[in-house]
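Report on one structure; see the data block that follows.
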Protein chains: 2
Amino acid sequence: MSSKKPTIKDVARLAGVSFKTVSRVVNNEAWVSDDIKTRVQAVIAQLNYQPNRTARLMRTAPFSLAFVYDNPNSHYVIEMQNGILSQCRQKGFELVIHPTDSHSGQVLHELTTIIGSNQVGGVILTPPLSENRELVQQLLAQQAKVVRIVSGSAPPDDLCPTIYVDDEQAGFSITRHLLKLGHRRIAFLGYHKDHQSSLGRYRGYCAALHEAGLTVSEQLVIAGDFTFDSGVAMTEQLLQQADKPTALFGCNDEIAAGALFTARMHQLAVPQDLSIVGFENSPFSRQTWPRLTTVHQPNAEIAAKAAALLISLMLENETQTEHCGFELQLVLRDSVSTL
Amino acid sequence: MSSKKPTIKDVARLAGVSFKTVSRVVNNEAWVSDDIKTRVQAVIAQLNYQPNRTARLMRTAPFSLAFVYDNPNSHYVIEMQNGILSQCRQKGFELVIHPTDSHSGQVLHELTTIIGSNQVGGVILTPPLSENRELVQQLLAQQAKVVRIVSGSAPPDDLCPTIYVDDEQAGFSITRHLLKLGHRRIAFLGYHKDHQSSLGRYRGYCAALHEAGLTVSEQLVIAGDFTFDSGVAMTEQLLQQADKPTALFGCNDEIAAGALFTARMHQLAVPQDLSIVGFENSPFSRQTWPRLTTVHQPNAEIAAKAAALLISLMLENETQTEHCGFELQLVLRDSVSTL
DNA sequence: GAAAAACGTGACAACGTTGACATAAATTTT
DNA sequence: AAAATTTATGTCAACGTTGTCACGTTTTTC
């Protein structure tokens, strides 16, 4: 049975009204008499009628947004995705996942396709794509709504609503925390010149050292990316040096986990012989031994806020660009000791 | 400029042909002369025309599939998602993410909505939803294509194409591995009566013990779920007992990580004082100290296969149900020693 | 108590595509 | 060289909605 999905016209026929009236009932429009309304609703329930989203979309703006990200394996992505999804569910929006390679040069083309084909009406951009001013402008030029998540203590411009996360301030706090405990030789792991979060955290690190009257030692700033393996490699490099640090600031928890691992390999006790801090408060930062002191980054909240802004932008079609900043809090755990 | 997105008719006008001809060019249909083809293509490029996916969808079956899962925070989800996404990209399909709570009783209703509204044409089901025979049948009754991923050494039935993963066999191998190294008191952490993967691994565990002439001790089989915290709690419980085990079989890596953590709390050296194995080979299983011996579960591959089956089902509209089984391999690392 | 406003309903044209069919031109077959 | 076939293009009706407008029927207003 049920060879075909019922349409609005099937409902109309059975309810003995015009299909436009059914449309009114479905969309909760005014000026439908109560008895017809209930009659139509009964038929809808009886047939288990679902409005065809595709057909509806032909007449309305898209109810979908895209989440665009670059590093598909980070835990950060799934947290963000969950945050976005929670908002989408609430507002009846659909989420299109769009992992991409920001180095491929294909991003603009890919996004143009999904926007141009009317598949999505808006886009949430994460770093490093969100830092690409030109990309944002080109998406905007295609009538797409854009919300971006960036690192910074203020929105870089008013191009579009922006969620900014104050990495510098957090980098400052956590470095100062180490300084307060007496550490003087603090290494910075995961410096990356193209990565705004890394740079922000680095600036905070420098600022805290300066405040304490210390200078930044080039030897202690190690470049690398935000992975466990890179953390291992950077720590190895560091431990080969003559002037060993007493504390390590990993630019994210994965780097810190790599450092932890490497310390164990070198029979260094953490935190007694070496203090290590991470950044992000990812789930596994409290599952390592010792549990990592880190900075809490509320990814789900951040992304949910981005989604909420984007959705209201798509619904209300406002031009006013609202921004939102997030401050990050220290999470003190067991991977740090006084010197 | 560019106030409106160009349509097929805009292209047609500019190219001086009928819009149907443009449609032919876009869809690569036969019987279009080469010069018109190139002329149209030039205009398409010039206007940066993208066929409107929504309009197209009104005439064709949906090019979207849903990924339905229950446990949004597991790493397993993102790996699967990536696998599915890779297939979708290749075939031009769209992915709709659908996390849900299998206990809410809302699942059928939720899926009915996205299927009924023509949003998706097919669904990939993961445990425990995939084990619900009735759910599968009801989705099938709505003309949806379904592919499910289940635990087992064979597909449970021919309702739909099925990816089955042999947990029992893997549970057997890893338990036998411990037995070979001389372990006799091996605990099983994460028994869960409603969880087929857990039960499969448990059956393998029992089979291996029997093969070695041992009986399963109730004391050593601890019920719990697949989380770090549960792993901690179960290990605590175990370590309070008189007859302590020499090895722990964690039903997944998170449980094993919890066990590792708890062992450390109790000053037990792993693997010298206690051997621990996990299951899944999630990224962090090689980032713990010591690195976990575990079973490799190729989630991305499994999910990619599921997506491939689903997509071919949606495209070719075949009725024949093709299945696919995965065997799991041991990954030997450092968390196990001979007794 | 007539005019105006508020309600309630329906007809019909979009929206941008694809599919069925028609038709004209070019080519092959008889 | 007429008939049949192939090739190349166009016309028009769907698809299932929502928006615009029109048209009755009530209720309110002066």
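Below, chain A is the first sequence line, B the second, and so on; all start at residue 1.
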- Note on the structure: Only residue of B:Thr321, B:Val146, B:Leu140, B:Leu139 satisfying side-chain contact (heavy atoms from CB on, under 4.5 Å) with B:Leu159 is B:Leu140
- Message: My understanding is that only one of A:Thr126, A:Val150, A:Ile124, A:Ile302 makes a side-chain contact (heavy atoms from CB on, under 4.5 Å) with A:Ile163; could you say which?
- Response: A:Ile302
Return no unless some side-chain N or O of [X] is found under 4.0 Å from OP1 or OP2 of [N].
| X | N | answer |
| --- | --- | --- |
| A:Thr54 | D:dG16 | no |
| B:Arg56 | C:dT18 | yes |
| B:Ser18 | D:dT9 | no |
| B:Ser33 | D:dA8 | no |
| B:Asn27 | C:dT18 | yes |
| B:Thr21 | D:dG10 | yes |

In terms of side-chain heavy atoms of [X], which of [options] is nearest?
| X | options | result |
| --- | --- | --- |
| B:Trp31 | D:dT17, D:dT9, D:dT11 | D:dT9 |
| B:Thr60 | D:dT9, D:dT20, C:dT18 | C:dT18 |
| B:Met58 | C:dG19, C:dC7, D:dC15 | D:dC15 |
| A:Arg59 | D:dT18, C:dT9, D:dA14 | D:dT18 |
| B:Thr7 | C:dT17, C:dC7, D:dG16 | C:dT17 |

To the nearest angstrom, how far is [X] atom [atom1] from [N] atom [atom2]?
| X | N | atom1 | atom2 | result |
| --- | --- | --- | --- | --- |
| A:Arg53 | D:dT17 | CZ | P | 13 Å |
| B:Lys5 | C:dG16 | NZ | P | 10 Å |
| B:Asn118 | D:dT17 | CG | C1' | 12 Å |
| A:Arg13 | D:dG16 | CZ | P | 11 Å |
| A:Phe19 | C:dA11 | CZ | C1' | 8 Å |
| B:Ile36 | D:dT7 | CD1 | P | 16 Å |
| A:Asp10 | D:dC15 | CG | P | 11 Å |
| B:Lys20 | D:dG10 | NZ | P | 12 Å |

- Note on the structure: Checking A:Arg53, A:Lys5, A:Gln50 against B:Asn118 for side-chain hydrogen bond (donor to acceptor under 3.5 Å, both in side chains), the one that qualifies is A:Lys5
- Message: With a 3.5 Å cut-off and heavy atoms only, can you find an N or O donor on one side and an acceptor on the other between the side chain of B:Lys9 and the base of C:dG16?
- Response: no
- Query: Any donor-acceptor pair under 3.5 Å between the side chain of B:Arg24 and the base of D:dG10?
  - Reply: yes
- Item | Worked verdict on B:Asp10 versus B:Arg13 for salt bridge (charged side-chain N to carboxylate O under 4.0 Å, His left out) | CA-CA 5 Å; B:Asp10 297 323; B:Arg13 203 171 313 120; 3.3 Å; yes
- Query: Checking all strands, does B:Leu57 fall into the base, sugar-phosphate, or nothing category for heavy-atom contacts under 4.0 angstrom?
  - Reply: nothing
- Using a heavy-atom cut-off of under 4.0 Å over every strand shown, decide if A:Val26 touches base, sugar-phosphate, or nothing. nothing
- How many angstroms lie between atom OG of A:Ser151 and atom OH of A:Tyr164, to the nearest 0.5 angstrom? 12.5 Å
- Assess the side chains of B:Gln297 and B:Asn299: does a donor N or O sit below 3.5 Å from an acceptor N or O? yes
